[in-house]
Amino acid sequence: MKNKKELETLRHSASHIMAAAVCGLFPEVKIAIGPSIEDGFYYDFYKTESFTPEDLPRIEEKMREIIKANYPFICKTMKKDEAIKEFKESGEKFKAEIAEGIEGDTVNIYQCGAFSDLCRGPHINSTGEVKFFKLLSVAGAYWRGDSSKEKMQRIYGTAFFSQEELDAYLLQIEEAKKRDHRKLGKDLDFFSICDEVGGGLVLWHPKGALVRDIIERYWKDFHLKNGYELLSTPHIASEELYSISGHLQTYSENMYAPMEIEGKPYRIKPMNCPGHLMIYKTKLHSYKELPIRYAELGSVYRFERSGVLHGLLRARGFTQDDGHVIVAPEMLEEEMLKIFNLAVEMLKTFGFSEYEICLATRPENKFVGEIASWEAAQKSIESTLQKTQYKYEIDEGGGAFYGPKIDIKIKDSLGRSWQCSTIQFDFNLPERFDIYYIDENGKRARPYMIHRALLGSLERFFGVLLEHYSGALPLWLSPIQTVICNINDEQTEYCKDLLEKFKQNGIRASFDGRNEKIGHKIREIAMQKVPYIVVAGNKEKDSGAVSARARGNKDLGAMPINAFIEKIKKEEADKM
RNA sequence: GCCGAGGUGGCUCAGUGGUAGAGCACCUCCUUGGUAAGGAGGCGGUCGUGGGUUCAAUUCCCACCCUCGGCUCCA
């Protein structure tokens, strides 16, 4: 197994080979940049006509020629001025612009065969080392990611050190497509999004709404057990509120237009925090009450540009599992640790045990509060993280303008990571809302405030859950835990009694009494990913038993009714 | 928002300058069958919307809307 650095070098070199192939096939293109990325590489080209997917095999073919020729990668150091002059003369204005931005007097040019490119390197020794690669897709992009600048054509590809790794990756892409939560949502009849309601606005069907309700109940119970108080705040609020919070000034491009009610402008809620702070402000608070922990499954609406909507993962209306903790400065560290542990406990319950944890610190320029307070807060967050067993990275300057934060990304069963939990420190709102508590000396003191979401949003989390489990939700989250099937009409009454018994024991069950062959019913129910199928024919009826079959074709054989009920109840209790 | 690809019955998708087809689903009938599709018949679409070209447009052209893949952004 080669290390990450070597893989990046391989992929980066593959992007050069691709650029060489493209320049060979399309002499009119100008080249821009071609980095390695998490799963492969890309290269941006300037070309008036778009590439089509049909171009990819031609480019791959050309790449194979270059690889076969086994050109060495030769690094030449040039005077920067000369390089810029050369790029300008050959019309490579993007390369010239990149060179101009490089510090120092010299730049490196890497050459392989007839193709040369401004590049920091490093590269592999020769093109022949790239053996296992595939071009994946074409896409539009912009020079420097700015849509007012030139439109580029981006080609994505990937490369590995072995055919096995490449095949595994391509298989994973296929598997990810099959697991797409939008497809699963439709196939399993969980939710839909329709034009008449509008993009990014989710309709929850009975089964999806039931799963959501199971999640919500667990979540509420979990928070009540852990010292939180549940709140509920309105979906619209006077603009005045968002003027106090500052959202009107800093967040208005994500807010929906105002509506006028009795001459006063109102807005749809984009954030829950202002409402929570208004609740805090309705009375005086003693230091003895702190920390005060408020939580709400708060639905918010944010304007997202149409191009970015993506099923449940990026919607316009969504429900945050929001919480705000008001804490005295000296309690901050302890409370941060508590929240972190809650997040991990909850994520584990849902079956996510691998995380990427990130501490995002003060942005370079735009921020509120004193630098000294930021540093103190960051220090306390870091000390919190050090007390946990988890590794974390520091995202320098990645914090919000109002405070540093911890983000927890979860890794799903395909190794993809998703941002869910976030714990954010806030220097801004306590000031803006002028919230305070009365300290030991009877004086007003400014508390700290922490925003936290453990799941992120119910919509996104549900989408991630669906993809993680490929729709086969654990029993405790399955909207239908078992379907009872009869063989023929002789067992209909017996099956109805079973259904009643299951329901009385809190099992989410249904009865498929259709006049269909058992194989047909099994097939349909199995495709709906129901955890258990119970078959009751005359054999079972006569012996007071059920024949059970677990998801994944596992025949459990016949067992007494109560044995089956106990089995389900145990799995439910263990959150399996 | 920008670039690209698409919008055909509830779903998945064929197809065509002469106003449409399959499979699944649905309905009816036959079938009562022991672990991933029993059989027959039937209902169902002004082919995303609005213009244009044409004797004739679902098909060609233009605009718009929406979806998808990206860019950017984000819970």
Side-chain angles (χ1 to χ4, degrees), chain A residues 42 44 47-53 136-156 177 180 182-183 186-187 189 192-196 198-200 253-254 270-272 298-300 302-322 400 407 409 418-422 424 451-464 485-492 513-528 533-540 547-550 552-558:
Chain A
Y42 69 79
D44 281 350
K47 176 169 172 285
T48 40
E49 302 279 303
S50 297
F51 290 109
T52 64
L136 299 169
S137 58
V138 293
Y142 294 93
W143 175 234
R144 311 238 163 189
D146 182 343
S147 62
S148 69
K149 296 201 168 128
E150 287 87 343
K151 209 212 112 197
M152 317 298 289
Q153 301 292 327
R154 178 171 297 179
I155 301 180
Y156 285 94
K177 262 186 212 156
D180 189 311
R182 292 165 299 183
K183 181 172 159 45
K186 193 183 276 180
D187 293 348
D189 197 15
S192 62
I193 296 171
C194 72
D195 296 351
E196 290 82 350
E253 61 189 37
N254 285 293
M271 301 270 182
N272 301 304
S299 297
V300 295
R302 298 182 185 174
F303 171 69
E304 299 288 355
R305 290 175 300 173
S306 58
V308 307
L309 299 176
H310 186 88
L312 297 179
L313 300 183
R314 190 80 182 272
R316 283 182 174 154
F318 56 96
T319 302
Q320 291 183 306
D321 70 313
D322 213 351
D407 284 333
K409 288 184 183 174
W418 306 92
Q419 152 96 62
C420 289
S421 312
T422 182
Q424 309 186 347
H451 306 255
R452 36 111 294 168
L454 307 187
L455 305 177
S457 87
L458 291 184
E459 284 74 9
R460 173 175 291 181
F461 192 75
F462 187 86
V464 173
C485 297
N486 58 347
I487 300 290
N488 61 42
D489 290 342
E490 290 170 37
Q491 308 93 34
T492 298
R514 292 174 305 163
N515 174 14
E516 291 289 351
K517 289 175 92 165
I518 189 67
H520 185 84
K521 293 186 193 179
I522 299 269
R523 179 185 149 82
E524 286 194 351
I525 299 160
M527 287 199 308
Q528 287 294 305
I533 301 175
V534 160
V535 176
N538 282 337
K539 270 187 283 181
E540 289 78 9
S547 282
R549 177 192 162 109
N553 261 333
K554 286 188 272 267
D555 184 5
L556 305 179

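By convention in this document, chain letters (A, B, ...) are assigned in the order of the sequence lines, proteins followed by strands, and residues within each chain are numbered from 1. No experiment lies behind these values; they were computed from the predicted model shown.
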For A:Arg182 and A:His310, what are the C-alpha separation, side-chain angles and deciding distance, and is it a side-chain contact (heavy atoms from CB on, under 4.5 Å)?
CA-CA 9 Å; A:Arg182 292 165 299 183; A:His310 186 88; 3.4 Å; yes
Begin with the C-alpha distance, continue with both residues' side-chain angles, and end with the deciding distance and a verdict on side-chain contact (heavy atoms from CB on, under 4.5 Å) for A:Val535 and A:Arg549.
CA-CA 8 Å; A:Val535 176; A:Arg549 177 192 162 109; 6.0 Å; no
Specify the separation, in whole Å, of atom CG of A:Asp44 and atom P of B:rG70.
15 Å
Given B:rC11, B:rG34, B:rU72, the nucleotide with the shortest approach to the side chain of A:Lys186:
B:rC11
Considering the options A:Lys521, A:Gln528, A:His520, which one meets the side-chain hydrogen bond (donor to acceptor under 3.5 Å, both in side chains) requirement together with A:Glu524?
A:His520
By nearest nucleotide on RNA chain B, pick out whichever of A:Gln419 and A:Asp180 is the more 5' one.
A:Asp180
Listed by chain and number, what are the salt bridge (charged side-chain N to carboxylate O under 4.0 Å, His left out) partners of A:Asp555, not counting sequence neighbours?
none
Say we look at B:rC26 and B:rG10: how far apart would their C1' atoms be, to the nearest angstrom?
8 Å
Rounding to an integer number of Å, can you tell me how far A:Arg316 CZ sits from B:rG1 C1'?
11 Å
Any side-chain N or O of A:Tyr156 less than 4.0 Å from the OP1 or OP2 oxygen of B:rC71?
yes
I want to confirm an ordering. Mapping A:Cys420 and A:Ala536 to their closest nucleotides on RNA chain B, which one lands closer to the 5' end?
A:Ala536
Whole angstrom is fine here: how far is it from CH2 in A:Trp418 over to P in B:rA75?
15 Å
Nucleotide nearest A:Ile487 (side chain, heavy atoms from C-beta), chosen from B:rU35, B:rC71, B:rG33:
B:rG33
Are the side chains of A:Lys409 and A:Trp418 in contact, using a 4.5 Å heavy-atom criterion?
no
Tell me what A:Asn538 touches on the nucleic acid: a base, only sugar-phosphate, or nothing, going by heavy atoms under 4.0 Å.
base
Let's test your reading of the model: under 3.5 Å, does the base of B:rU35 pair with the side chain of A:Asp555 as donor and acceptor?
no
In whole Å, what separates the C1' atom of B:rC68 from that of B:rA20?
26 Å
Taken to the nearest whole Å, CD1/A:Ile533 to P/B:rG34 is 17 Å
Full working for side-chain contact (heavy atoms from CB on, under 4.5 Å) between A:Glu459 and A:Arg314
CA-CA 8 Å; A:Glu459 284 74 9; A:Arg314 190 80 182 272; over 6 Å; no
Nearest-Å distance for atom pair CG/C1', residues A:Leu309 and B:rC71
15 Å
With rounding to the closest Å, how many angstrom separate the P atoms on B:rG17 and B:rC71?
37 Å
Distance between P atoms of B:rC11 and B:rC65 (Å, rounded):
23 Å
Could you spell out the base pairing of RNA chain B as a dot-bracket line? Use Watson-Crick and G-U wobble contacts where both distances are under 3.5 Å, [ ] for crossing pairs, | for partners on a different strand.
(((((((..((((....[..)))).(((((.......))))).....(((((..]....))))))))))))....
Over how many whole Å does the gap from A:Arg314 atom CZ to B:rA75 atom P extend?
8 Å
Are any side-chain N or O atoms of A:Gln419 and backbone N or O atoms of A:Ser421, one a donor and one an acceptor, separated by less than 3.5 Å?
yes
What's A:Glu304 touching, base or sugar-phosphate or nothing? Going by heavy atoms closer than 4.0 Å.
base
For every nucleotide of nucleotides 36-46 of chain B, 5' to 3': is a protein heavy atom under 4.0 Å from its base (B), only from its sugar-phosphate (S), or from neither (-)?
BBB--------
For nucleotides B:rC29 and B:rG69, find the distance between their C1' atoms and express it as a whole number of Å.
47 Å
Less than 3.5 Å between a donor and an acceptor, one on the side chain of A:Glu540 and one on the base of B:rG34, is that the case here?
yes
Nearest-angstrom distance from the residue atom NZ of A:Lys539 to C1' of B:rG33:
14 Å
Check whether any side-chain N or O of A:Arg182 sits under 4.0 Å from OP1 or OP2 of B:rC68, and answer yes or no.
yes
Indicate yes or no: at least one non-hydrogen side-chain atom of A:Ile487 is less than 4.5 angstrom from one of A:Asn538.
no
Check the pair A:Ser299 / A:Thr319 against side-chain contact (heavy atoms from CB on, under 4.5 Å), numbers first and verdict last.
CA-CA 4 Å; A:Ser299 297; A:Thr319 302; 2.9 Å; yes
For B:rC3 and B:rG45, measure between their C1' atoms and round to the nearest Å.
33 Å
Can you check the A:Arg305 CZ to B:rC71 P distance for me, whole Å?
13 Å
Rounded to whole angstrom, note down the C1' distance from B:rG44 over to B:rU28.
15 Å
State, with a plain yes or no, whether a side-chain heavy atom of A:Cys485 is found less than 4.5 Å away from one of A:Ile525.
yes
Is the phosphate of B:rG69 approached by A:His310 (side-chain N or O, under 4.0 Å from OP1 or OP2)?
yes
Just to be sure I understand the rule, does A:Ser547 reach a base, reach only the sugar-phosphate, or reach nothing, if contact means heavy atoms closer than 4.0 Å?
base
Kindly give the heavy-atom pair with the smallest separation between A:Gly198 and A:Ile193, and that separation in Å.
O-CG2, 3.9 Å
Using the C1' atom as the reference point in each nucleotide, state the distance between B:rA14 and B:rG23 in Å, no decimals.
11 Å
Quick one: the side chain of A:Arg460 and the base of B:rC74, do they pair up donor-acceptor inside 3.5 Å?
yes
Of the nucleotides B:rA75, B:rC3, B:rU35, which has the atom closest to the A:Gln320 side chain?
B:rA75
